[in-house]
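The analysis underlying the following values was restricted to heavy atoms, covering all of them including side chains, and did not include hydrogens, waters or symmetry mates. It should be emphasised that the depicted structure is a prediction, and the values quoted were computed from it without experimental measurement. Throughout, protein chains are lettered first and strands after them, A, B, ... in sequence-line order, and every chain is numbered starting at 1.
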2 protein chains.
Amino acid sequence: MKYSKQRELILKTLQEHMIHPTADYIYEVLKKELPSISLATVYRNLNQLAENGMIKKIEGLNGSVHFDHNLSKHYHFICTKCNKVYDVPYDVAPDLANKVLSKTGLIIESYDISFKGVCLECHKKEFH
Amino acid sequence: MKYSKQRELILKTLQEHMIHPTADYIYEVLKKELPSISLATVYRNLNQLAENGMIKKIEGLNGSVHFDHNLSKHYHFICTKCNKVYDVPYDVAPDLANKVLSKTGLIIESYDISFKGVCLECHKKEFH
DNA sequence: ATAAAAGTGATAATGATTATTATTATTGTT
DNA sequence: AACAATAATAATAATCATTATCACTTTTAT
């Protein structure tokens, strides 16, 4: 994988946004810093970074695809009002791969939990 | 919700296939029984049944959408070779909504766990 | 039997993602 | 520093699953 300024900026943008952005969101942010960047470049690099294990692809609402730069074990909370994705600590459900193995015999390669609800921010907004 | 033969057949087909089929899969199966059925009708009814809480929408690999007629609490295992979806019993991780509430304060409306790996059937095939 | 409401089939439209391609940037080697 | 080679880019066309549209049909209650 050869260096490129675009990829560096894409990764930096992903790291700076806590909400687990989509490709399009990153594109909209980066356009201000590098107006010549192409949406295809954002998609290409995010997929490449994910294939190389440097970031993770996560599923949002309605089949939307979000990205996560945090490689440590954790889960996700998706707000059904604003679609933002937040982290949920791993210890709410530790060691699930082994539990599934012992209960079903299935060998788990990976898994994710996506919790859904209304985030604190959106919850506040409901009362003005 | 008014009765329709199409909807009845769609639900029946979903119930008869353990693999948690996609809209397109159900369409391909039903075409044999009711050749005049339209793919749009399959999509329309599956979404409607899901909105009315009679079935559930679940996320497969690569953003594909599958459906589940089983409303009881359970999780899913998605085979990364054949894309079939299997059930995983609830007791591998019970009471997660409360655990998340007590650890984070977030109120969970729903959640799903999708485990990924190679299913037994595909695992066997690897050795002919 | 009838009229309102909901459903259907066919197909066009949508929208997110991917493929294509001519051009440009990076890298290791002389 | 100049040189291939190789990978990456920008722009845009293509793809594909899903949804919207609409003229027509079926269901349902009266």
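Nucleotides of DNA chain D that come within less than 4.0 Å of any heavy atom of chain A span, from the 5' end to the 3' end, D:dT6 to D:dT12. Reading DNA chain C from its 5' end, the first and the last nucleotide to sit under 4.0 Å from a heavy atom of chain B are C:dA5 to C:dT11.
A:F67 and A:I37 fall within a single hydrophobic cluster, where Ile, Leu, Val, Met, Phe, Trp and Tyr side chains are chained together by heavy-atom contacts under 4.5 Å. Connection of A:I108 to A:I58 is not established within any shared hydrophobic cluster, with ILVMFWY side chains joined at heavy-atom distances below 4.5 Å, either directly or through further cluster members.
In this structure, the side chains of A:K12 and A:E16 come closer than 4.5 Å at one or more pairs of heavy atoms. At a threshold of 4.5 Å between non-hydrogen side-chain atoms, the residues A:K81 and A:K125 do not count as touching. Within the 4.5 Å cutoff, the side chain of A:Y25 has heavy atoms near those of the A:I19 side chain.
The residue B:S36 sits close only to the backbone: its heavy atoms come under 4.0 Å of sugar-phosphate atoms, none of a base. Contact annotation for B:D24: no contact, since no heavy-atom pair falls under 4.0 Å across all strands.
A donor-acceptor distance shorter than 3.5 angstrom exists from the side chain of A:H20 to the backbone of A:M18, with no hydrogens or angles considered. Formation of a donor-acceptor pair under 3.5 Å by the A:H66 side chain with backbone atoms of A:S64 is not found in this model.
Using cut-offs of 30° and 60° on the angle between ring planes, the pair B:Y111 and A:F115 is tilted.
In the displayed structure, B:L61 atom CG is contacted under 6.0 Å by more than 12 heavy atoms of other residues, nucleotides or ligands.
The nearest pair of heavy atoms linking A:I10 to A:T41 is CD1-O, 3.9 Å. For the pair B:V92 and B:Y75, the tightest heavy-atom approach, listed with the atom from each and the gap, is CG2-CD1, 3.8 Å.
A heavy atom closer than 4.0 Å to some atom of DNA chain D occurs in B:K2, B:Y3, these being the qualifying members of residues 2-23 of chain B.
Partners of B:E121 under the salt bridge (charged side-chain N to carboxylate O under 4.0 Å, His left out) rule, at least two apart in sequence or in another chain, are B:K84.
At its two ends the helix from C:dA1-D:dT30 to C:dT30-D:dA1 runs along axes set 40° apart, each axis drawn from five pairs and the angle rounded to 10°.
The nearest heavy atom of DNA chain D to B:M1 and to B:N47 marks one nucleotide each, and the one closer to the 5' end goes with B:N47.
Listed by first and then second residue, the side chain to side chain donor-acceptor pair (under 3.5 Å) pairs that reach into residues 49-63 of chain B are B:N47-B:K57, sequence neighbours excluded.
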